[in-house]
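Below, chain A is the first sequence line, B the second, and so on; all start at residue 1.
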Amino acid sequence: MTENLTLDEVRAMALRAGLTRLTDDHLQQLLRATQKAQQWRRALPTANLTPADEPSHLFRLSGDEEL
Amino acid sequence: MSDLAYLGIAEAASLLRSKKLSSVEYTNALISRVEKYDSQLNAFLRFTPEIALEDARRAEAEIASGQWRGPLHGVPYALKDIVDYAGLPTTAHSKILADNVAAADSAVAQKLRAAGGVFMGKLSTHEFATGGPCFDLPWPPARNPWNRDHFCGGSSSGSGVATAAGFVPAAIGSDTGGSIRNPATLCGVVGMKGTYGLVSRRGVFPLAYSLDHVGPLTRSVEDNALLLDLIAGRDVLDPASAEAPAGGYAAALQGGVKGLKIGVIRHFYQRDMQGEAEMVGAIEAALEVLAGLGAQVREIETAPLDEYAACNRIILAAEAYAIHERWLQERPGDYASLTRERILAGAFISSADYINALRVRARLTRAFHALFSGIDVAITASALDPACRIDDPAELDRTYGRQARGPFNVTGSPALAVPVGFSKTGLPLGMQIVGKPFSEALLYRVGHAYERATNWLARHPVLAAG
C-alpha cells in the first residue's frame, strides 16, 4: 500500500474489498482512517522483532506465571 | 441514614438486611431521581422501572423470609447496552442493532440476577463501544453530571454518569482501550478493568476480542470490590475466561499501604505526553498522600505510550473490522459518522501488520510484567486532561488519544481508576493503579487506603431537573 494514498486509490481498494456502498463522504473517512492506520503501523516497534517473537495469546495468563 | 441516592452498596446491604430500609422504598427513590434528572444527562438508553420494582418486591420478600443472598440483594444496578439482559434489546447504541432482543442473559447479568440485584435498565454507550459522543444516532449521548456541557468519557458513558449522578450505586461497563476507566475518571467514580479473562465476556457485544474486558463502575472502592466479587470467575462458555482464582476482593481491603512499593510511570504523563497541569498536580498530590501513609514511592519506566498505542490501535481496528465488515459493506450509512471512521481504520490493515502487533504485544507484556519483580503496584495517569466540552469536535478529537489506559488492555493487566480530586472548574480528576495479573485485591487495597485518606467520595454533582 502506498504511503500517500489518493481518494481514487482508496475508492478502488474499497471496491475490491466489497465496500461498494460507501458514499463520497464515507470514502473520505476511509482515506483518513487508512492514513491513521498507516501512522500506527509506522509507530509499531517491529525493528527488533526476531522470528522467535511469537504472537501473544493472553488466554493462559496466570498470576504465578513467569512471563 | 445517608441520602438514598448516594448510599453505597455496603451500607445499603446492611440496612436492607436488617430491614431498616425497604428495597422497594430504595428503588422508588432512585426511580424518581432518574425520572427527574436523566432527561438532562441521558445516562439511560432504556430505563426499566417496572422490572426494577418487580425485582425489588421479590428481594424484599426474600429478605423478609430470611433468605438474604448477599450484598447486592435488593440493590439497584444497570448494564451498559452492549451487555445482554434476556428479553430486552441490546442495541450497542446503534441503529444497526435497534431490534436485537437478547435471547438469554449475559454471564454478568446472570450473576447479578442470581445475587438478587434490582435491574434498572440499559445504559448509554458510544456506538458499538467505540467512537465517541455522537449526535447522529437514535439516542443522544450521555452528558457529564458535573457539568452537562462536558464530555463524560466513554465508551461506558452511561455507566459513569449513572453512578456519579446517584441513579444507581453499581453499573457494568466494558473496556477495550480504556472504556471503563475513562468515564470513571471524567465522572469522578471508581472503575476496574480486571485482568484479561477475569470477568466473562459471554453475552457482551464484542469490540475487539483479544482486548475486551468487562468490569464494574461504582462510587467507592469498597463497592467496586463487592461488585467484582460477584461477577469475576471462570466461565467455560467464554473462550478467553481465565483459569485463575477469583473473589475475596472486598474481604482484603484493609491492610493499608505501609511498606508497599509503588512504581510511578511518570513518563506517560510528563514526557511521552504532557498531561494538563491540574491533572498532573492531582496525581502527584495523590502520590504524596500514599507516601504519607507509608508507601515507598519511586519512579519506574516502561515502553513509551506511542508504542503501546500503536499496538492497541492496530489490534483493535483489525479485530473490530472483522466483526463489522458485513455491515460496512451492506449498510455503512447506518453507523454514526464517528463510529464508521473509527471502524474503517481496520479495512486495510494487513495480516502482517496485525500479527506484528500481536508479536509486539507479547514483548510489551513480558517487559511490563517483569517490572513487578521490584514493585507491588504501579500508578500512572488515566486521562491526561479533564473532560472537554461535548460540543467541541476538535477538542474531543485532540484529547481522544491523550490517555494512558490502552497500555493495560495491551498487557491484559488489571487497572483501577480512582478519583483524585477536582479541577478549579469542578471537573473530576483521576489516576490509575495497575498491577500484575490477578492482583485486583492489592489494587483495591491501595485505592481504599487512598480513598479513606481523602474526602473526594463525599462530593456529589449538583443536578438540574429536566
Side-chain angles (χ1 to χ4, degrees), chain A, chain B residues 195-198 210 239-245 303-304 306-307 309-314 317-318 325-326 328-333 337 340-350 353-370 410-413 436-439:
Chain A
M1 197 191 305
T2 58
E3 291 291 306
N4 297 304
L5 280 173
T6 65
L7 190 60
D8 284 341
E9 286 171 326
V10 160
R11 191 190 310 272
M13 290 161 64
L15 289 175
R16 285 197 296 275
L19 295 165
T20 58
R21 298 187 184 184
L22 299 184
T23 64
D24 283 351
D25 283 349
H26 298 167
L27 286 165
Q28 288 285 359
Q29 290 190 305
L30 179 59
L31 177 61
R32 285 195 299 270
T34 303
Q35 287 166 339
K36 194 160 272 183
Q38 288 175 336
Q39 287 170 16
W40 299 333
R41 179 178 180 236
R42 285 193 291 274
L44 197 68
T46 53
N48 296 327
L49 289 177
T50 70
D53 280 306
E54 292 191 23
S56 63
H57 292 288
L58 292 173
F59 307 112
R60 295 285 180 267
L61 267 185
S62 144
D64 300 324
E65 191 176 359
E66 288 299 323
L67 291 158
Chain B
T195 308
Y196 184 74
L198 180 72
S210 75
S241 182
E243 293 183 66
D306 62 352
E307 293 187 8
C311 190
N312 180 271
R313 291 293 152 193
I314 290 171
E325 182 179 44
R326 184 169 54 86
L328 285 165
Q329 290 169 338
E330 294 175 357
R331 45 193 299 195
S337 178
R340 185 172 49 245
E341 186 159 336
R342 296 262 191 253
I343 299 177
L344 280 172
F348 303 126
I349 288 174
S350 72
D353 290 341
Y354 176 64
I355 296 292
N356 281 337
L358 293 176
R359 295 167 73 202
V360 168
R361 176 188 204 171
R363 277 200 163 192
L364 289 170
T365 303
R366 273 197 306 274
F368 183 70
H369 290 160
V410 169
T411 63
S413 316
K436 67 180 185 180
F438 305 104
S439 65

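- Taking CD of B/E330 as the reference point, atom CZ of A/R21 lies at 6.5 Å (rounded to 0.5 Å).
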Next item on the list: Assess whether side chain to side chain contact (heavy atoms under 4.5 Å, CB included) is satisfied between B/D353 and A/W40, documenting all intermediate values.
Entry: CA-CA 10 Å; B/D353 290 341; A/W40 299 333; over 6 Å; no
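- For the atom pair CZ of A/R16 and CZ of B/F348, the computed distance is 8.0 Å after rounding to the nearest 0.5 Å.
- The pair B/R340-A/D25 does not count as a salt bridge, with every side-chain nitrogen at least 4.0 angstrom from each carboxylate oxygen.
- Contact annotation for B/R313: both backbone and side-chain heavy atoms come within less than 4.5 Å of a heavy atom of chain A.
- Side-chain atoms of B/R359 do not come within 3.5 Å of backbone N or O of A/A52 as any donor-acceptor pair.
- Here A/P45 is the residue among A/P45, A/A17, A/A43 with the most heavy-atom pairs under 4.5 Å with chain B.
- No other option in B/P304, B/S337, B/G197, B/P245 has as many heavy-atom pairs under 4.5 Å with chain A as B/S337.
- Note: B/E341 leads B/E341, B/R326, B/E307 in heavy-atom pairs under 4.5 Å with chain A.
- Looking at B/A347, the atoms closer than 4.5 Å to chain A (heavy atoms on both sides) all sit in the side chain, from C-beta outward.
- Neither the backbone nor the side chain of B/S439 comes within contact range of chain A; no heavy atoms are under 4.5 Å apart.
- Here the shortest heavy-atom pairing between A/D53 and B/R366 reads OD1-NH2, 3.5 Å.
- Closest approach of B/A362 and A/P55 over heavy atoms only: CB-C, 4.4 Å.
- Heavy atoms only, all atoms of each residue included: B/L344 and A/A33 are closest at C-CB, 3.9 Å.
- The environment of CD in A/E54 is sparse: at most 12 heavy-atom neighbours from other residues, nucleotides or ligands sit within 6.0 Å.
- Taken from CG in B/D306 to CG in A/L44, the straight-line distance is 10.5 Å, to the nearest 0.5 Å.
- Interface summary for chain B: among A/L19, A/L49, A/T46, the most heavy-atom pairs under 4.5 angstrom belong to A/L49.
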